[in-house]
Q: 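First the structure, which I've put down as structure tokens, then a few questions once you've had a look.
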Amino acid sequence: MNNSEAALTRVPRDFDSLRSVIIERKATMPKRLAQVAAYALSNPDDMAFGTAASIATAADVQPSTLVRLAHHLGYEGFSDLQNVFRARLRDRTLSYEERMLSLEAGPAANSDAELLSGFLTAASQSVARLAGTIDGETFSKSVDLLARAETIYLVAKRRSYPLTAHIAYAFGKLGIRYQIIASPNGIDPEMTQFATSRDAVIAASFAPYAADSLTQAQEFAARGVPIVAITDSVFSPLAASATHWFEVSEADYAGFRSLSASIALAMALPVAIAERRRSLKRSPKRNAVE
């Protein structure tokens, strides 16, 4: 095996290595492969969460080109290549100081209007992405599960907390019994002990995942309590504990991630649950059979 053949056998398993390999080989790549490779490096978040069809459309190539690029780089297929981009998101945790430095180095440094535009664009991209990827059947099954629960427990920490705060507000207005697992006196583990299989959980967490949220979700799952999760990746440890889960990919601006798509989902769920409960009350025979 010569040096060029040996180089082709090296399959990069992190984003920086993949970027280096693409840059190294770009000049010798077929035109279409070079085109989609350039798109991949410029849009790593879209590569992480898009489907082969949506990415191909955005890159102006055929879906088969993505598979060809993956094989060209030594991966087993497109999903294998996509894992590198998803791992990048799991590992990316900029400090707030680093995010501010990023803002200062960008076009928004001396423009409040540019900064506002950046956040509005990220919010718009997030909502559009969720609209294009959310599974209606999963939403319906989640709503049905939650509508039948006696009590709905809400689990979220850190940046995910606003989701459950809004859901709690909506539940209160809609007359749906709930319990937020966020005690000021540190009795969260004891609160989970009241849950049974007749209840349900809504849990939310995004990378870097809140350890307490993951632990609480695992405890609920171990007790046989069904969980509906809002998270950001098929590789999220929260998804592993969930009965149903939603993958919400939020765009970011200068490292500050939007919550717009997640909030939209958190607004829809309580209303859909309340409507499903009303429907079940109107159909007692169907409810009894089920």
Side-chain angles (χ1 to χ4, degrees), residues 1-109 118 121-122 125-126 129 133 206-209 231-237 239 247-258:
M1 180 181 295
N2 59 37
N3 289 339
S4 61
E5 290 174 332
L8 289 174
T9 65
R10 295 198 303 268
V11 181
R13 289 297 172 187
D14 63 82
F15 180 75
D16 289 339
S17 298
L18 174 59
R19 183 175 183 277
S20 297
V21 168
I22 289 176
I23 292 172
E24 178 185 338
R25 301 183 193 173
K26 185 178 180 182
T28 60
M29 282 184 185
K31 181 180 177 180
R32 288 300 187 186
L33 295 192
Q35 179 179 329
V36 73
Y39 174 86
L41 294 186
S42 299
N43 301 273
D45 288 2
D46 291 339
M47 286 293 294
F49 292 114
T51 63
S54 67
I55 294 169
T57 299
D60 195 23
V61 297
Q62 294 297 317
S64 60
T65 307
L66 297 174
V67 179
R68 288 171 51 211
L69 175 65
H71 290 161
H72 182 82
L73 296 171
Y75 296 97
E76 294 180 3
F78 172 65
S79 295
D80 194 21
L81 169 62
Q82 191 175 42
N83 287 343
V84 175
F85 292 91
R86 289 180 167 177
R88 166 187 170 271
L89 289 186
R90 293 199 306 272
D91 296 338
R92 184 183 62 186
T93 54
L94 291 177
S95 69
Y96 272 75
E97 179 63 24
E98 289 171 324
R99 297 176 198 183
M100 293 304 296
L101 290 174
S102 176
L103 275 176
E104 292 168 3
T121 298
Q125 289 175 344
S126 298
R129 185 178 298 163
T133 60
F206 306 96
Y209 308 103
T231 190
D232 56 3
S233 169
V234 66
F235 299 102
S236 165
E247 183 173 343
V248 184
S249 171
E250 299 278 8
D252 72 82
Y253 180 65
F256 292 93
R257 277 178 291 172
S258 170

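One is the number of the first residue; the rest follow in order along the sequence. Values below: all heavy atoms of this structure, side chains included; hydrogens, waters and symmetry mates excluded.
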Q: Contact between Asn83 and Phe78 at the side-chain level, heavy atoms closer than 4.5 Å - yes or no?
A: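 The answer is no; the side chains never approach within 4.5 Å.
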
Q: Could you check Ser54 against Thr51 for side chain to side chain donor-acceptor pair (under 3.5 Å), going step by step and ending with a plain yes or no?
A: CA-CA 5 Å; Ser54 67; Thr51 63; 3.1 Å; yes

Q: Got a salt bridge between Arg86 and Asp232, using NZ or NE/NH1/NH2 to carboxylate O under 4.0 Å?
A: no

Q: If we only count heavy atoms from C-beta on, is the Arg68 to Val36 side-chain gap below 4.5 Å?
A: no

Q: Asp80 versus Arg13: any side-chain heavy-atom pair under 4.5 Å?
A: yes

Q: Judged by atom type as modelled, is there a donor-acceptor pair below 3.5 Å linking the side chain of Ser126 to the main-chain atoms of Ala122?
A: yes

Q: Within the distance-only criterion (no hydrogens, no angle test), does the side chain of Thr133 pair as donor or acceptor with the backbone N or O of Arg129 below 3.5 angstrom?
A: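 Looks like yes, one N/O pair under 3.5 Å.
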
Q: Taking all non-hydrogen atoms of both residues into account, name the closest pair between Gln35 and Ala59 and its distance.
A: NE2-O, 2.7 Å

Q: Is Tyr39 close to Asp60 at the side-chain level, that is, under 4.5 Å between some pair of heavy atoms?
A: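 Side chain of Asp60 against side chain of Tyr39, heavy atoms only: no contact under 4.5 Å found.
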
Q: Identify the heavy atoms of Pro12 and Val84 that sit nearest to each other, and give their distance.
A: O-CG2, 3.8 Å

Q: After noting the C-alpha distance and the side-chain angles of Asn43 and Ile55, does the key distance pass the side chain to side chain contact (heavy atoms under 4.5 Å, CB included) rule?
A: CA-CA 10 Å; Asn43 301 273; Ile55 294 169; over 6 Å; no

Q: Answer whether the closest heavy-atom distance between the side chains of Leu69 and Tyr75 falls below 4.5 Å.
A: no

Q: Would you say that Gln82 contacts Leu66 through its side chain, given a criterion of any heavy-atom pair below 4.5 Å between the two side chains?
A: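 No, their side chains stay 4.5 Å or more apart.
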
Q: Got Thr65 and Leu33 here, is their nearest side-chain heavy-atom distance under 4.5 Å?
A: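 Heavy-atom side-chain distance check passes, below 4.5 Å.
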
